[in-house]
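Residue numbering restarts at 1 for every chain, and letters A, B, ... go by the order of the sequence lines.
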Number of protein chains: 2
Amino acid sequence: MVTLDLQSLIIRFREYLQNKGLSYTPQRRVIFEYLCKERSHFNTEELIASLREKRLKVSRATVYRTLGHLEDAGFLRQVALNSTQIHYEFIANTKHHEHVVCESCGSIIEFSDPQLEERIEAVAAKHNVSITRHNVQIFGICRRCREQVKT
Amino acid sequence: MVTLDLQSLIIRFREYLQNKGLSYTPQRRVIFEYLCKERSHFNTEELIASLREKRLKVSRATVYRTLGHLEDAGFLRQVALNSTQIHYEFIANTKHHEHVVCESCGSIIEFSDPQLEERIEAVAAKHNVSITRHNVQIFGICRRCREQVKT
DNA sequence: CAATATTTGAGATCTAATCTCAAATATATA
DNA sequence: TATATATTTGAGATTAGATCTCAAATATTG
């Protein structure tokens with residue numbers, strides 16, 4: 001039962017904006033719809049380049065600002081796949097998952113593991129921290145890359 | 001049974017350097033000893049500032065280069081505590097652990113949870129990835145910060 | 001419709017990280 | 001030991017991502 005429908009995502013976004021006294025401007029619409037349709041993982045510069053390619057004119061500053069709002073609103077999640085760039089993923093229409101990253105080819109495998117999630121909850125509870133988000137990254141070499149090295 | 005002794009750490013570092021055909025220069029020594037003695041978590045700019053304060057003269061470029069070697073050698077581990085800076089921790093003398101970060105006060109709680117580690121191994125195995133490193137970050141609000149807000 | 005508040009965009013600024021290349025050091029070789 | 005060779009360093013330039021500034025444009029409110 002996952003919300004994939006664009007219209008209902010837009011409604012959720014508009015509600016969020018309204019609650020904050022913000023308006024649903026054309027720029028915010030462009031960015032939001034683009035992300036809903038096209039993207040799962042991305043970093044901001046990639047996104048800016050893609051928008052530019054499609055002649056969707058939104059300034060760099062507005063993109064950064066809008067991503068901040070989308071993160072606050074819970075549509076985006078920062079994932080720590082790489083250390084010198086903010087990397088996001090759109091989460092409103094996918095189920096929660098973590099990442100395995102191949103350090104050789106950069107490919108990303110998504111996984112979800114309920115037992116792992118349980119442990120994370122347990123750890124947070126044990127330290128009396130009310131959890132807002134979490135991240136798990138596993139880095140390694142994927143099978144394909146291991147096989148290529150052998151050759 | 002943890003190696004805390006500076007001398008044996010230095011020996012390990014020198015062995016690593018030797019194997020790679022690199023030399024144990026005064027600059028590398030300064031950085032390494034400083035990290036062994038003073039630091040657990042740090043980012044590179046902080047480290048550069050600290051060295052400068054202590055009048056330990058090593059250029060920025062050399063610090064960045066040396067940290068790269070130390071990471072390769074397994075003395076440092078990148079931890080994803082913050083998205084726009086590389087954050088390291090010195091791991092040669094501590095046991096493996098993960099982090100809970102308070103988003104309000106920035107305090108860091110270290111924890112280790114064998115069951116969680118087990119799940120990570122299991123996931124990597126399932127996807128046939130030979131694991132090189134992993135990271136778990138839990139973000140939230142610590143008890144102290146929650147209590148302060150109430151007031 | 002006027003007054004007020006919000007948002008945008010262009011470009012400046014900041015910061016982290018990397019690169020460049022000549023000078024300094026270190027190492028190997030004769 | 002002298003010479004040749006390779007490595008390392010440091011100062012500063014460069015790059016890249018992110019943020020800031022502020023006037024102009026747009027939206028909202030009374």
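Atom P of nucleotide C:dA26 and atom CZ of B:Arg14 are separated by 12 Å, given to the nearest angstrom.
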*Going through the checks in order, is the side-chain contact (heavy atoms from CB on, under 4.5 Å) test met by B:Glu33 and B:Arg28?*
CA-CA 8 Å; B:Glu33 294 193 357; B:Arg28 287 175 183 155; over 6 Å; no
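Taking the ring centroids of B:Tyr24 and B:Phe32, they lie at or beyond the 6.0 Å cut-off. The distance between the ring centers of B:His134 and B:His96 falls below 6.0 angstrom.
Aromatic ring pairs are classed by plane angle as parallel below 30°, tilted from 30° to 60° and perpendicular above 60°; the pair A:His97 and A:His99 is perpendicular.
The backbone N or O of B:Lys57 lies less than 3.5 Å from no partner atom in the side chain of B:Arg52, so there is not a single donor-acceptor pair. No donor-acceptor pair under 3.5 Å is formed between the side chain of A:Ser107 and the backbone N or O of A:Cys102.
Within 4.0 Å of A:Arg65, counting heavy atoms only, lies at least one base atom of the nucleic acid.
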So which protein nitrogen or oxygen atoms get under 3.5 Å of nucleotides 15-18 of chain C's nitrogens or oxygens?
| from | atom 1 | to | atom 2 | distance (Å) |
| --- | --- | --- | --- | --- |
| C:dA16 | OP1 | B:Gln85 | NE2 | 3.0 |
| C:dA17 | OP1 | B:Ile86 | N | 2.5 |
| C:dA17 | OP2 | B:Tyr64 | OH | 2.7 |

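When all heavy atoms of B:Leu9 and B:Cys36 are compared, the closest pair comes out as CD1-SG, 3.7 Å.
The residue among A:Thr25 and B:Val63 whose nearest nucleotide of DNA chain D lies closer to the 5′ end is B:Val63.
Here the CG-CD1 distance, from B:Leu67 to B:Ile86, works out to 9.0 Å after rounding to the nearest 0.5 Å.
From the 5' end on, the contacts that DNA chain D makes with chain B at under 4.0 Å to a non-hydrogen atom open and close at D:dT8 to D:dA18.
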